[in-house]
**Student:** 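This is the structure I want to talk about, given as C-alpha cells.
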Amino acid sequence: MTSYRDVVGDRPYGIPLVELEAMLGVTNLKVSRGSLGLIVEHPKFATHVNFLPPPDKSDEPIRAFVEIRSTLPAALLPVMEKSGEGAMFNRFATLGAITHCSGQFVVASRLTIFEQEDAWNIQL
C-alpha cells in the first residue's frame, strides 16, 4: 500500500497536513504521524486520520479520501458485544458509524475530497 509520504510529504494528495497537525497540536492530545496519516491519542483511545488515494478509475474528479477511525474505549466493549447494540447506535449516526474491524470496534467516517474543492476552512 502506498504511504501518503510517497505522494507529497506534508501535502498528501493536496491535503494540508501541516495545518491539520497544528490545529490538533494546541489541544491536550498527543499527535504523531503514522504510515497513512496522523495518529491522535486520547487518554482512553486513539484516532487514526488516514489519507487515501482516489480510485484508479473514476468518472468523478476525486483528489483523495480522508478516513477517520477511532477505537472505542474498553469500557464500551461489553455494551458493543451484545447482539444488536451497534445497530442501535448507528441509527443515530450522521457523520460516522460504529463497525467491527480487525478485532476492534471503531467509529469510522470518510470524507471525499474533490479536485476543484478548496473547502478546508469548513472541513478542518
Side-chain angles (χ1 to χ4, degrees):
M1 177 177 279
T2 302
S3 162
Y4 76 89
R5 292 185 187 122
D6 297 333
V7 182
V8 189
D10 286 339
R11 287 191 67 82
Y13 311 107
I15 297 166
L17 176 62
V18 174
E19 292 174 36
L20 180 56
E21 196 170 19
M23 277 183 50
L24 294 169
V26 299
T27 68
N28 62 348
L29 306 173
K30 181 182 173 194
V31 181
S32 59
R33 293 195 184 186
S35 63
L36 295 176
L38 299 176
I39 301 168
V40 183
E41 294 180 51
H42 306 261
K44 296 185 180 196
F45 63 95
T47 296
H48 294 259
V49 182
N50 296 325
F51 310 111
L52 307 172
D56 289 335
K57 296 178 182 180
S58 174
D59 294 336
E60 299 293 326
I62 297 172
R63 180 187 306 170
F65 296 109
V66 178
E67 178 185 76
I68 303 166
R69 290 179 171 255
S70 297
T71 54
L72 290 180
L76 289 177
L77 294 182
V79 174
M80 297 309 301
E81 289 172 343
K82 291 180 182 174
S83 178
E85 293 299 315
M88 189 273 298
F89 282 111
N90 283 338
R91 278 196 242 158
F92 301 101
T94 55
L95 299 176
I98 295 174
T99 187
H100 193 259
C101 180
S102 301
Q104 296 180 309
F105 285 98
V106 298
V107 176
S109 183
R110 189 167 166 160
L111 175 64
T112 301
I113 308 298
F114 292 93
E115 290 286 347
Q116 302 304 315
E117 190 173 53
D118 191 22
W120 281 105
N121 56 339
I122 296 169
Q123 293 161 342
L124 287 176

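Quick caveat: nothing in here was measured; it's all calculated off a predicted structure.
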**Student:** Do L17 and I39 belong together in a cluster built from hydrophobic side chains that touch within less than 4.5 Å?
**Tutor:**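 Each belongs to a different hydrophobic cluster.
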
**Student:** Measuring from atom OG1 of T112 to atom CG of L52, what distance do you get when rounded to the nearest 0.5 angstrom?
**Tutor:**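 CG of L52 is found 10.5 Å from OG1 of T112.
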
**Student:** Under 4.5 Å between any side-chain heavy atoms of T99 and F105, yes or no?
**Tutor:**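 A side-chain contact under 4.5 Å is absent here.
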
**Student:** Identify the two heavy atoms, one from R69 and one from A108, that lie closest to each other, and give their separation to 0.1 Å.
**Tutor:**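 So the minimum-distance heavy-atom pair works out to CG-CB, 4.1 Å.
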
**Student:** Under the side chain to side chain contact (heavy atoms under 4.5 Å, CB included) criterion, do R33 and L38 qualify, and how do the steps go?
**Tutor:** CA-CA 4 Å; R33 293 195 184 186; L38 299 176; 3.9 Å; yes

**Student:** Just jot down the ring pair (Phe, Tyr, Trp, His ring centres under 6.0 Å) partners of F65, sequence neighbours excluded, or say none.
**Tutor:**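 None.
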
**Student:** Between V49 and V106, is there shared hydrophobic-cluster membership here, with clusters defined by ILVMFWY side-chain heavy atoms closer than 4.5 Å?
**Tutor:**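 Looking at the clustering, V106 is in a separate group from V49.
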
**Student:** For S70 and T47, which heavy atoms make the closest approach, and how far apart are they?
**Tutor:**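 For S70 and T47, the tightest heavy-atom pair comes out as OG-OG1, 2.6 Å.
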
**Student:** How close do G96 and S109 get, counting heavy atoms only, and between which atoms?
**Tutor:**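 Minimum heavy-atom separation between G96 and S109: CA-CB, 4.1 Å.
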
**Student:** Applying ring-ring contact (aromatic ring centres under 6.0 Å, His included) as the test, list every pair that has at least one member in residues 17-47; sequence neighbours left out.
**Tutor:**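 For residues 17-47, and leaving out neighbouring residues, the ring-ring contact (aromatic ring centres under 6.0 Å, His included) pairs sorted by first residue read H42-F45.
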
**Student:** Which heavy atom in L24 sits nearest to a heavy atom in T27, and how many Å separate them?
**Tutor:**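 Closest pair (atom of L24, atom of T27, distance): O-OG1, 2.6 Å.
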
**Student:** Determine whether H48 and L36 make a side-chain contact, defined as any pair of heavy atoms from C-beta on separated by less than 4.5 Å.
**Tutor:**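 Side-chain contact under 4.5 Å: no.
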
**Student:** Linking I/L/V/M/F/W/Y whenever their side-chain heavy atoms sit closer than 4.5 Å, directly or via other members, would V18 and L29 fall into one cluster?
**Tutor:**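 Different clusters: V18 never reaches L29 through Ile, Leu, Val, Met, Phe, Trp or Tyr contacts under 4.5 Å.
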
**Student:** Sort and list the pairs that fulfil salt bridge (Lys or Arg N to Asp or Glu O under 4.0 Å) and have at least one residue in residues 102-111, not counting sequence neighbours.
**Tutor:**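 Non-adjacent pairs meeting salt bridge (Lys or Arg N to Asp or Glu O under 4.0 Å): zero.
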
**Student:** Residues two or more places apart in sequence or in another chain: which of them pass salt bridge (charged side-chain N to carboxylate O under 4.0 Å, His left out) with K30?
**Tutor:**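 For K30 the salt bridge (charged side-chain N to carboxylate O under 4.0 Å, His left out) partners, ignoring immediate neighbours, are E41.
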
